[in-house]
Every structure is written in C-alpha cells, then in structure tokens.
Amino acid sequence: MTRPTLIRRISDLRAALSAPRREGQSIGLVPTMGYLHRGHMALVDRARGENGIVVVSIFVNPTQFGPNEDLDIYPRDLDGDLKLCAAHGVDIVFAPEVDDMYPEPMATTIDVAPLSTILIGAQRPGHFQGVATVVAKLFNIVQPTRAYFGEKDFQQLTVVRRMVRDLSFDIAIVGVPTVREADGLAASSRNARLSPADRHAATVVSRALDLAEALVAGGERDSDKVADAVRQMIAGEKRAGTPTVDLREAGTLSEVGMIGETPVVVLVTVPLGGVLLLDQREIHGAAGANQARRTA
Ligand code: AMP
C-alpha cells in the first residue's frame, strides 16, 4: 500500500499530472471536503476502476458556506483521509490552501440558474454558486477525464451536470448511488456531530423515504400526498426540526403533479441535532421498476 502523493499547490498538481496526461492516461477526479468516509470511498473505488490516475481533492470551500453556517466547525482530519486514500489506491490527494485557490476575491462566479436557487439553493443562498464555481476551478486545474459525484447531494449533481453541458467541459460526470450506514442513514461527514440520541433519531429520514417508495409501489400517484406522508412521518420524530420534502423530475428537478413514467426524486432536508440532514430517493412510477432497480 503506497501512500498517495499529497499536493498543496495548483502549480505542483499541474506539474504532477503533465506526464501521465502526455502518456494518454485517463484521470479520475473525486472532489470532496475531506473527513472522508465510506460514502466518499464509493466514489473513489468507482474512479479507481475506471481511470489510470485517481485524484481526490480535499478543500473545505469557504464560498459555498453562508455567514451563519458551519465553515469553522466543519470536521477535518487530513491524516485519516490520507490513510483511507492509501487503502483505496488513490494516486494524488490535492489539498490546496484557501490562499492558493482564492488569492484575491473572485470577480467571476458561475450561476446555474434556476437550478442553483431552488430547493436547497433557496435555503442556502449562494451555496450552489460557490459549488459550481469551485468545481469549475477544480475541473480547469485537474482537467480530468471523468469526475465523480454522489447522488446523496442530488441537486449538486444536477447543477454540475448542467454546468458541464452549458459550458462544454470535456468531462464525463459520473453519479454514484448513496452509501448508507447499516440502519439506513446516509453516510455523511456531518453525522460525526450527532449525539447518540440524535444519531438514532436520524434514521427517520431513510424510513420516510422507504414509505414514499412503498406508497408509489402501492399505486399512489399524487406527489403531494406522497410528500405529505413523508413530512408526517418525520414530524413524528420529536428530535427532528421541520423538514422540506419535494418530489421533482429526476433529470431536471422540475415540479411534478402526478407521478407517471418519468423517474421522480424525493428530496428531503431535515435539521436535526444542529446538522442539516440531506437524503434522496429516486422512484419510478412504472410498476415493478423500483424493485428491478434495487436488485440490479
Ligand atoms: P462532501 O465531502 O460532503 O462535499 O462530499 C464529496 C462527494 O462525496 C460529493 O459528491 C458527495 O455527494 C459524495 N458523498 C458524500 N456522502 C456520500 C454518500 N453517503 N454516498 C455517496 N456519495 C457521497
């Protein structure tokens, strides 16, 4: 097991990638904010299987945090991250300093409107502009063949896919299904901040998504009724704050009334124990499709 090369500066990363690029090796990029866990590693393993060189970026990007958000307390553990990356065959960990990424205030931002202002974008103004802009920077720095994003952050994945289409980035965007803990909770760096009682309560989110899937499988087609049932189930958990629950078309995030043949995604955010939990479930209205997907 060789440790990955830790690179701190943009210029050093470009230099390190120039030979493999010349040799025609493919480059897979996994952008992260660190404090890596099994969820991130699913992206890494996929990248490892599909590319000659795997780069994991670790950058807690200040521009995607609002003034009252958790930038200062976001968990960090570079040493642990390097060990995990070594165990999963990562070639390069790129962990730039804020000063190198943003030597001066940015005059340019990327706004994938209206995808960036709906849903979580309405709760976190500026968040997706920060995400799109830093992802575009990372794409220009690394120039990967493929880049890997989790479906857990479904809106983020949708924003990135749209940006890549709009701006003609020559990069394949690969979406990776959500990795869960044994009790169903989506793996997340922020879960580390939950008390044991809140950690237990947090399972209500995936159980509510199971309910949504079961309702549609049982013939319910009214998206409002499905959303209400999910809300009610989460409201039954006293430790949970008020959730947002939205059913949207999976490809475009546009609103749906009746669930038909087009896949829909149930998007949930719930404040719980000082953390904003996020989860999502894609559901197909066509009979038998969900079962077929799950066993595939
Ligand atoms: P983050 O470090 O939270 O910015 O996440 C970096 C990448 O890992 C994003 O593309 C996330 O969607 C993805 N990711 C985080 N948690 C999970 C998970 N539980 N399953 C799959 N992907 C995840």
Side-chain angles (χ1 to χ4, degrees), residues 28-49 54-66 69-71 73-78 80-82 84-85 88 90 93-96 101 112 115 119-120 124 127-139 142 144 146-164 171-194 199 202-203 205-206 209 250 253 265 267-270 275-282:
L29 170 67
V30 181
T32 82
M33 298 203 298
Y35 212 73
L36 302 178
H37 53 68
R38 296 168 48 235
H40 297 112
M41 289 304 127
L43 276 58
V44 168
D45 292 345
R46 179 86 184 263
R48 183 66 285 168
V54 174
V55 180
V56 170
S57 64
I58 297 179
F59 182 60
V60 183
N61 174 40
T63 69
Q64 71 191 64
F65 287 77
E69 293 182 356
D70 55 356
L71 173 63
I73 54 164
Y74 197 85
R76 293 160 207 249
D77 178 13
L78 185 57
D81 291 348
L82 286 169
L84 256 185
C85 285
H88 288 255
V90 172
V93 170
F94 175 52
M101 289 291 276
V112 187
L115 284 174
L119 301 164
I120 291 173
R124 302 184 66 185
H127 171 68
F128 287 114
Q129 287 89 339
V131 168
T133 307
V134 80
V135 168
K137 258 175 102 70
L138 289 167
F139 283 178
V142 179
R146 303 179 186 85
Y148 297 80
F149 293 85
E151 287 178 359
K152 180 174 88 74
D153 299 286
F154 200 88
Q155 189 173 357
Q156 169 173 284
L157 174 60
T158 311
V159 164
V160 170
R161 283 193 197 285
R162 184 62 199 251
M163 176 185 79
V164 161
I171 298 171
I173 302 302
V174 181
V176 178
T178 302
V179 173
R180 297 174 181 283
E181 304 298 347
D183 60 9
L185 179 66
S188 165
S189 308
R190 290 185 169 103
N191 294 348
R193 298 217 313 269
L194 294 172
R199 168 68 189 76
T203 60
V205 183
S206 63
L209 290 170
L253 300 186
V265 60
L267 299 166
V268 177
T269 71
V270 190
V275 170
L276 186 68
L277 299 175
L278 260 65
D279 207 344
Q280 119 295 331
R281 180 81 51 90
E282 264 186 87

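Hydrogens, waters and symmetry mates play no part in the numbers below; they use all other heavy atoms, side chains included. Remember, it's 1-based here, ligands and their atoms both numbered in the order they're listed.
Atoms of ligand 1 lying under 4.0 Å from at least one heavy atom of Pro31, given by number and element, are 6 (C), 7 (C). In summary, the atoms of ligand 1 found under 4.0 Å from a heavy atom of Met33, numbered by their order in the structure, are 1 (P), 2 (O), 4 (O). For ligand 1, the atoms closer than 4.0 angstrom to any heavy atom of Ala187 are 16 (N), 17 (C), 18 (C), 19 (N). If you number the atoms of ligand 1 from 1 as listed, the ones under 4.0 Å from a heavy atom of Phe149 come out as 10 (O). Heavy-atom proximity to Thr178, at under 4.0 Å, picks out these atoms of ligand 1: 20 (N), 21 (C). Which parts of ligand 1 touch Gly39 is read off a 4.0 Å heavy-atom cut-off, strictly below it: atoms 17 (C), 18 (C), 19 (N), 20 (N), 21 (C), 22 (N). For ligand 1, the atoms lying closer than 4.0 Å to a non-hydrogen atom of Pro177 are 21 (C). Those atoms of ligand 1 that come under 4.0 Å of a heavy atom in Gly150, given as number and element, are 9 (C), 10 (O), 11 (C), 12 (O), 13 (C), 22 (N).
Remark: side-chain polar atoms of His37 are paired, donor with acceptor, to backbone N or O of Gly39 under 3.5 angstrom. When atom types are taken as modelled, the side chain of Ser189 and the backbone of Tyr35 share a donor-acceptor pair closer than 3.5 angstrom. Arg38 contributes a side-chain N or O that, together with a main-chain N or O of Arg180, makes up a donor-acceptor pair within less than 3.5 Å. A donor-acceptor pair under 3.5 Å links the side-chain atoms of Gln155 to the main chain of Ile120, judged by distance alone. Judged by distance alone, with hydrogens and angles left aside, the side-chain atoms of Lys152 form no donor-acceptor pair with the main-chain N or O of Ala186 at under 3.5 Å. The main-chain N or O of Val268 is never found under 3.5 Å from a side-chain atom of Asp279 such that the two would form a donor-acceptor pair. Between the side chain of Asp77 and the backbone N or O of Gly80, at least one donor-acceptor pair lies under 3.5 Å.
Summary of contacts: the protein heavy atom closest to atom 5 (O) of ligand 1 is His40 NE2, 3.4 Å. Of the protein's non-hydrogen atoms, the one nearest atom 11 (C) of ligand 1 is Asp153 OD2, 3.0 Å. The closest protein non-hydrogen atom to atom 20 (N) of ligand 1 is Val179 N, 2.8 Å.
No part of Ser189 comes within 4.0 Å of ligand 1, judged by heavy-atom distances. Contacts between Leu43 and ligand 1 below 4.0 angstrom, taking non-hydrogen atoms only, involve the side chain exclusively. At a heavy-atom cutoff of 4.0 Å, ligand 1 is contacted by the side chain of Gln156 but not by its backbone.
With a 4.5 Å cut-off on side-chain heavy atoms, Asp183 and Arg199 count as touching.
Selection from Arg38, Arg180, Lys152 by nearest heavy atom to atom 17 (C) of ligand 1 gives Lys152.
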Exercise for the section: Could you check Leu157 against Ile173 for side chain to side chain contact (heavy atoms under 4.5 Å, CB included), going step by step and ending with a plain yes or no? Expected result: CA-CA 8 Å; Leu157 174 60; Ile173 302 302; 3.9 Å; yes
Exercise for the section: Take Leu267 and Leu253, measure what side chain to side chain contact (heavy atoms under 4.5 Å, CB included) needs, and give me the verdict at the end. Expected result: CA-CA 10 Å; Leu267 299 166; Leu253 300 186; 4.1 Å; yes
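Under the 4.0 angstrom criterion for non-hydrogen atoms, Glu151 is not in contact with ligand 1.
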